[in-house]
Structures are given as structure tokens and as C-alpha cells.
Amino acid sequence: MAKIVFVNDNKTVEVPAGTHLKKVIEDNSVGVYFPCGVGRCGSCMVKIVKGMEFLNEKAGDEKKTLEISGASDDKRLACVVVIEKDGEIVIETENVF
Ligand code: FES
């Protein structure tokens, strides 16, 4: 299982590898919203404080959107992130822009 800590919401959840981060956020009422849901609008940007190595690689529209917005390497677009491996992932969801 992967352990996910949402620091701003003071919530910790455990999910199996292969789970989409969007589902974890929606299931746990974390304050991130998904206007496009496909990595194009940038609204769901989060900061991965720890555990980037347990997530899928940035690619496609997510990579382009992050580059255009000048985001630092620790940023991800939560709508297209998949938790691929077991480990601890710490996520900030507020003031990440
Ligand atoms: S919801 Fe638009 S980029 Fe994630």
C-alpha cells in the first residue's frame, strides 16, 4: 500500500499501487478541483513534498502544461497522476502556484 499525506487537509490515507490520485482526492474530500481532468488547465496543480519516485512519469499534456506555467520540478497535475509504487507520498494542495 502507498501512504498519502495531504498536509493542508491533515489527512493520511492508504491506497493500493495503481490508484489514480484524482480518485483519492475526490474520495477524501481534499480541496483540489478538476475543471478539465486531462492535464490541460493547470487548476489541479499540487506540490509533491516527498515521494515523487512512487508516481507515474510526467508526460504529454501534463508535461506541456507544467512547462508553460513555469512550474518547478516538484509540481504535478493531480488529475493525471497515478500512484505506481508503494511508499510515502506527501502532498501540499494549497498555495502551490
Ligand atoms: S484538472 Fe485541468 S489540469 Fe488537472
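Remember, it's 1-based here, ligands and their atoms both numbered in the order they're listed. Since the structure is predicted, the reported quantities are computational estimates derived from the model, not experimental observations. Count residues from 1 along the sequence.
Summarising the geometry, atom NZ belonging to Lys85 is positioned 8.0 Å from atom CD belonging to Glu53; distances are rounded to the nearest 0.5 Å.
For atom 4 (Fe) of ligand 1, the neighbouring protein N/O/S atoms at less than 2.8 Å, given as residue and atom, are Cys44 SG, Cys79 SG.
Connection of Met52 to Val15 is established within a shared hydrophobic cluster, with ILVMFWY side chains joined at heavy-atom distances below 4.5 Å, either directly or through further cluster members.
Residues that satisfy the side chain to side chain donor-acceptor pair (under 3.5 Å) test with Lys58, not counting sequence neighbours, are absent from this structure. Lys11 is linked by a side chain to side chain donor-acceptor pair (under 3.5 Å) to nothing, counting only residues two or more places apart in sequence or in another chain. Contacts of Glu14 classified as side chain to side chain donor-acceptor pair (under 3.5 Å), with partners at least two apart in sequence or in another chain: none.
When all heavy atoms are compared, the tightest approach of Cys79 to Gly39 is SG-N, 3.2 Å.
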